Structures are given as structure tokens and as C-alpha cells.
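Following: one structure in C-alpha cells, then a few remarks.
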There are 2 protein chains.
Amino acid sequence: MAKKIDTNDCAVSATIDLIGGRWKLTILHVLLRHDRRFGEILVRIPAISRKVLTQQLRALEADGLISRKQYKERPPRVAYALTDFGHNLCPLLARMAALRNGVG
Amino acid sequence: MAKKIDTNDCAVSATIDLIGGRWKLTILHVLLRHDRRFGEILVRIPAISRKVLTQQLRALEADGLISRKQYKERPPRVAYALTDFGHNLCPLLARMAALRNGVG
DNA sequence: AAAAGTGGTAACCTAAAAGTGACTAATGGC
DNA sequence: GCCATTAGTCACTTTTAGGTTACCACTTTT
């Protein structure tokens, strides 16, 4: 019983953790329309630092929400894009936000 | 344009923040089946401290996810319950969790 | 008179997350 | 030879969330 509670809860909270970072949703939102390079994301989220952007991108990539494609060029070029999972998640997030406004 | 990004994003991330605390999903899960008193929640989540439970309950109440009903009795009795918003949110969370397992 | 039962609060401490500023590699242009 | 460019990393500090322990108010029970 207690185990079942934990199991159910972990499945949900693990998913929430995927997007629970301070900036992850903002990053997903930037990538929703276009694939973007590191620097492009950075200028679109002025308040984030390079370090934290790197961290959050790595986490999102590890969790399968975004993909990272690195080109062997100088100066370097790296393109970030939403995965299918990332794309599928966004409408659900929008519906959650809509719930708050009374749109059931 | 930039403003619109911020606005959209804030609506979503504000909603995620509602359930982003370390224990909030666990608390919601406990309340999903029954209304519960403070002490009942406490024994069902052994790892949480009174202080943090109080904090999280207050936050959930302020955000409209749960309701708090206080009876004028001695010793005190307080009942917590999910609001409609709280109830509506849970299926969406379950669907998000299901997404990870390939159930689109 | 003292303890139990209930739902907290207050003061303090710790650990994790985030922020800051300087630094790097490899190339092209002046 | 020197600066700009890009996508980072490193060491350090600050902020925030959560944890710990003790205590309170009021009534009933022993």
C-alpha cells in the first residue's frame, strides 16, 4: 500500500523533476518554435548565466527532452532542438496552465 | 515579442511551481483518496517534518490546490482536502508521466 | 497535578541550486 | 602579433529550500 503510493508518486514526480529546474520551461519554450544555438538561447533568456544554461541543457538532454548536435567548426557551433517527447509534453503543460484560468 | 514569451512562459512555469516543492506531489497524492487531518498526512509521509508540512500545506492552499477547514475544538482539528483545481490537475500529471513511457 | 492529544510556531543549521567573473581552444581578419 | 568569435569550464560566493529541536495553547483524562 505504502509502496504503491511511493511508486505512483515517483512516476509523476520524476516527470515533474524533468521540467522543475528554474529555467527548464523557459528553455523549452525558446526551443518550441525553432532549433537554437547556445548563444541564441542565451540572448533570449537574458537573466540566465552561461553556467546554468549549460547545466540545464545537459539535464534536458540527459532526460530526453532536447537533442544536441555539435558541428566540427571553428568557432564552434552547437544546435539544440526539442525531441518528440519534448514536443509532446508542451501541450499538456499548456493545458495545466489553462486549468488555473478555469478552462477545464 | 520578448514580453509575450515571458508571459506565456510564466503562465506555465507558475503552474509548475505550484507543484514543484519537494513534497507537494506527495501531499496531493495523499489527499487524492480522502480528506485528511494534519496528523494523518504526517503519519502517511513519515519523512516530512511538521514545519515543512505546514509550509507546503500553506503554499498549496494559497495556490488554490487544497482547502483547509479548521474546527473550533479542543484538541484542535483541521481537515485538508483537494479543491476542484487540485482534482483536475492530477489526471494531467498522470498523462505527463505516461508520456515518458511512450504512451502518447 | 501531570500527562496526553493536536496543530502548529520560532530559532537555528545544512545542503543544494543558482549566480559571478575570469579563463580556454582554435580559427579568421586586420 | 592581437583581437573577435563561440561554447563552454573552473573556482568561488550567495541564495533558497529543507531539516532539527524545542516549545506553545487549550482541554480532557488519569
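Naming convention: chains lettered A, B, ... in sequence-line order (proteins, then strands); numbering from 1 in each chain. These numbers come from the heavy atoms of this one structure, side chains and all, not from hydrogens, waters or symmetry mates. Predicted model only: the values in this text are computed from it and were never measured.
- Where P76(A) and K51(A) meet DNA chain D, the nucleotide closest to each residue was compared, and P76(A) sits on the side nearer the 5' end.
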Enumerate, atom names and distances included, each donor-acceptor pair closer than 3.5 Å involving a side-chain atom of residues 73-82 of chain A, sequence neighbours excluded.
| residue | atom | partner | partner atom | Å |
| --- | --- | --- | --- | --- |
| E73(A) | OE1 | R77(A) | NE | 3.2 |
| E73(A) | OE2 | R77(A) | NH2 | 3.0 |
| Y80(A) | OH | R68(A) | NE | 3.2 |

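- E40(A) comes within contact range of no nucleotide atom at all, as no heavy-atom separation falls under 4.0 Å.
- Taking every side-chain heavy atom of R77(B) into account, dG7(C) is the closest of dG7(C), dA7(D), dC26(D).
- Rounded to whole angstrom, the span from the NZ atom of K24(A) across to the C1' atom of dA18(C) amounts to 13 Å.
- In this structure, R74(B) places its CZ atom 16 Å from C1' of dT29(D), rounding to the nearest Å.
- Rounding to whole angstrom units, NZ of residue K72(B) and C1' of dG7(C) are separated by 13 Å.
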Apply side-chain contact (heavy atoms from CB on, under 4.5 Å) to the pair V52(A) and Q56(A), showing each step before the final yes or no.
CA-CA 6 Å; V52(A) 174; Q56(A) 305 282 287; 3.8 Å; yes

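- Between I41(B) and L57(B), some side-chain heavy-atom pair lies under the 4.5 Å cut-off.
- Pair assignment for dA11(D): dT20(C), on the basis of Watson-Crick or G-U wobble contacts that are both within less than 3.5 Å.
- Within the nucleic acid shown, R22(A) comes within 4.0 Å of sugar-phosphate atoms alone, with no base atom in reach, counting heavy atoms only.
- To the nearest angstrom, C1' of dT6(C) lies 17 Å from CZ of R36(B).
- In this structure, the nucleotide among dT9(D), dT6(C), dT9(C) sitting nearest to the side chain of R58(A) is dT9(D).
- Residue S49(B) has its side chain nearest to dT20(D) when only dT20(D), dG8(D), dG19(C) are considered.
- Considering only side-chain N and O atoms, Q56(A) lies under 4.0 angstrom from the phosphate OP1 or OP2 of dA18(C).
- To the nearest angstrom, P of dG19(D) lies 7 Å from CD1 of I48(B).
- Both R50(A) and V52(B) lie near DNA chain D, and the one whose nearest nucleotide falls closer to the 5' end is R50(A).
- Look at CD on E73(B): it is 17 Å from P on dG5(C), rounded to the nearest Å.
- Per the geometry, CG belonging to L57(B) stands 13 Å off P belonging to dG18(D), to the nearest Å.
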Test side-chain contact (heavy atoms from CB on, under 4.5 Å) on W23(B) and I45(B) and set out the steps.
CA-CA 9 Å; W23(B) 297 106; I45(B) 312 177; 3.7 Å; yes

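- Regarding Q70(A), its CD atom lies at a distance of 15 Å from the P atom of dT6(D), rounded to whole Å.
- For the pair R37(B) and dG7(C), the criterion of a side-chain N or O lying under 4.0 Å from OP1 or OP2 is met.
- Within the nucleic acid shown, Y71(B) has no heavy atom closer than 4.0 Å to any nucleic acid atom.
- Taking the side chain as every heavy atom from C-beta outward, M96(B) and I16(A) approach each other to under 4.5 Å.
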